[in-house]
Peer 1: 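Quick one: this structure, given as structure tokens, is what I'll be asking you about.
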Amino acid sequence: MSDMTSAPAAKLTLPDAQTVTAVTHWTDSLFSFRVSRPASLRFRSGEFVMIGLMGDNGKPLLRAYSIASPSWDEELEFYSIKVPDGPLTSKLQHIKVGDEIILRPKPVGTLVHDALLPGKRMWFLATGTGLAPFASLMRDPETYEKYEQVIMMHTCRTVAELEYGRRLVESLADDPLIGEMVAGKLLYYPTTTREEFHHMGRVTDNLSSGKVFADLGLPPMDPATDRAMVCGSLAFNVDVKAILEGFGLREGANSEPLEYVVEKAFVGDGV
Ligand code: FAD
Ligand code: A2P
């Protein structure tokens, strides 16, 4: 039985509270939302933070989330799964404009430009919500200043699951800040694996077979020119890493920039 007298006093605002400014539901299992940005928060596009809600036990229920908005944006955007019975997302999916979420302002992560050596061509490789860090990096001018070409490969089971990314890429052409930089440089390669679509197949298969290179008119990856950032399930990351290593790319880090970097899009069951 709940004891009202033992509740924390004057619980008017959450610690590290930010206010929700927009929510869009893309499918039954995917949504995105925007929140106010703490004035002091500085981050590098591609990093993640801990966000959440107050749990029923009065303690913060926090999870890692990639910031999907670029570092110059006045607000913060997130792109989220809705896990059935997931401790956080079963509640988070019901947030509305004006609600508050908790945001710990300590950004970290490896999917940052600083963790890679200079190159000519950047490959963003993602499945599912692993698109989120690239939603940030695709909107960052630094990406287009550093690379001659940027390729966004995103694979989902169905066409509807690609929609957030498709709309985002489409909107870049009209973006007053980076529209001109993006034109002709960003090559978008979305694919599905379980529904008919004009491009199909796993990222791994399209890289191994050379199909993506043929379709886009690009040479195979070369460690002298190509850089990659990877974000998906653990199995996806492991399989993509093997392919990148096969092309001669080596895994870098903030402390030792090399040719590719990897981040988990989520921690799977039992991992
Ligand atoms: P949890 O108990 O956290 O997860 C339950 C199970 O659901 C997991 O074991 C896994 O099998 C599955 N699952 C969890 N998250 C996902 C996902 N994103 N896609 C597919 N299956 C999943 N999630 C996002 O939705 N957007 C992000 O930008 C994002 N960024 C992350 C960045 C990092 C570095 C890490 C480690 C995780 C990230 N996650 C992201 C996952 C996120 O932290 C939570 O796991 C997710 O919000 C579900 O929380 P939950 O409490 O409802 O369920
Ligand atoms: P597939 O439909 O062939 O399993 P999920 O929804 O299971 O997280 O998967 C998201 C997308 O990632 C799906 O299109 C799925 O393809 C693909 N995928 C899952 N595991 C891998 C992997 N190990 N390598 C490449 N793609 C993968």
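Read the numbers this way: they start at 1 and go in the same order the structure lists the ligands and their atoms. Values reported hereafter were calculated over all heavy atoms of this structure, with side chains retained and with hydrogens, waters and symmetry mates removed.
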Peer 1: Atom 20 (N) of ligand 2: which of Arg194, Arg202, His154, Met200 has the nearest heavy atom?
Peer 2: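 Checking each option, the heavy atom nearest atom 20 (N) of ligand 2 is found in Arg202.
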Peer 1: Between Glu245 and Lys241, is there a salt bridge with N-O shorter than 4.0 Å?
Peer 2: no
Peer 1: Answer with side chain, backbone, both or neither: which part of Tyr79 has a heavy atom less than 4.0 angstrom from an atom of ligand 1?
Peer 2: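 Just the backbone.
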Peer 1: Just distances here: any N/O of Ser90 and N/O of ligand 1 closer than 3.5 Å?
Peer 2: no
Peer 1: For atom 23 (N) of ligand 2, what's the nearest protein heavy-atom neighbour? Residue, atom name and distance, please.
Peer 2: Asp239 OD2, 2.8 Å
Peer 1: Nearest to atom 10 (C) of ligand 2, what protein heavy atom do you find, and at what distance?
Peer 2: Thr127 CB, 4.1 Å
Peer 1: Would a distance-only check, ignoring hydrogens and angles, find a side-chain to backbone donor-acceptor pair under 3.5 Å from Ser136 to Ser69?
Peer 2: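 A pair under 3.5 Å: yes.
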Peer 1: Under a 4.0 angstrom heavy-atom cut-off, which atoms of ligand 2 come close to Thr204?
Peer 2: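 The atoms of ligand 2 under 4.0 Å from a heavy atom of Thr204 are 24 (N), 25 (C).
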Peer 1: Is Lys146 paired with Asp140 through a side-chain N to carboxylate O contact shorter than 4.0 Å?
Peer 2: no
Peer 1: Are the charged groups of Arg157 and Glu161 less than 4.0 angstrom apart, N to O?
Peer 2: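 Here Arg157 does not pair with Glu161 in a salt bridge, since their nearest N and O are not under 4.0 Å apart.
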Peer 1: Run the contact test for Ala265 against ligand 1 with a 4.0 Å cut-off on heavy atoms, strictly below, and give the result.
Peer 2: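 In this structure, Ala265 qualifies as a contact of ligand 1 - some heavy atom is under 4.0 Å.
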Peer 1: Please check atom 8 (O) of ligand 2 for a protein heavy-atom neighbour under 4.0 Å.
Peer 2: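 Flag for atom 8 (O) of ligand 2 set to false, no protein heavy atom closer than 4.0 Å.
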Peer 1: Would you mind checking if Lys120 and Asp226 are paired as a salt bridge, meaning a charged N to carboxylate O distance below 4.0 Å?
Peer 2: no
Peer 1: So for Gly128, does at least one of its heavy atoms come nearer than 4.0 angstrom to any atom of ligand 2?
Peer 2: no
Peer 1: Considering only non-hydrogen protein atoms, determine which one is nearest to atom 15 (C) of ligand 2 and report residue, atom name and distance to 0.1 Å.
Peer 2: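 Answer, as residue, atom name and distance: Thr193 OG1, 4.0 Å.
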Peer 1: Could you tell me whether Phe213 and Trp123 have their ring centroids closer than 6.0 angstrom?
Peer 2: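 Yes.
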Peer 1: Which is closest to atom 10 (C) of ligand 1 in terms of heavy atoms, Leu234, Leu30, Val267, Val83?
Peer 2: Val267
Peer 1: Using a strict cut-off of 4.0 Å, indicate which atoms of ligand 2 neighbour a heavy atom of Ala235.
Peer 2: 23 (N)
Peer 1: Using a 4.0 Å heavy-atom cut-off, say whether Ala64 meets ligand 1 through its side chain, its backbone, both or neither.
Peer 2: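 Within the 4.0 Å criterion, Ala64 contacts ligand 1 through backbone and side-chain atoms alike.
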Peer 1: Give the atom numbers and elements of ligand 2 that come within less than 4.0 Å of a heavy atom of Thr155.
Peer 2: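 Under 4.0 Å from Thr155, ligand 2 has these atoms: 11 (C), 14 (O).
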Peer 1: Specify side chain, backbone, both or neither for Phe266, according to which of its non-hydrogen atoms lie closer than 4.0 Å to ligand 1.
Peer 2: both
Peer 1: For atom 6 (O) of ligand 2, which protein heavy atom lies nearest, and how many Å away is it?
Peer 2: Arg157 NE, 3.0 Å
Peer 1: If we only count N/O pairs under 3.5 Å, is Lys264 in contact with ligand 1?
Peer 2: no
Peer 1: Keeping Asn254 on the side-chain end and Leu111 on the backbone end, is there a donor-acceptor pair under 3.5 Å?
Peer 2: no
Peer 1: Verify the neighbour count for atom CD of Glu74: are there more than 12 heavy atoms of other residues, nucleotides or ligands below 6.0 Å?
Peer 2: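 No.
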Peer 1: Stepwise, does the side chain to side chain donor-acceptor pair (under 3.5 Å) test hold for His199 with Lys211?
Peer 2: CA-CA 10 Å; His199 282 122; Lys211 183 172 190 313; 4.6 Å; no
Peer 1: So is there a nitrogen or oxygen of Glu263 less than 3.5 Å from a nitrogen or oxygen in ligand 1?
Peer 2: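 Min N/O separation from ligand 1 is not below 3.5 Å for Glu263.
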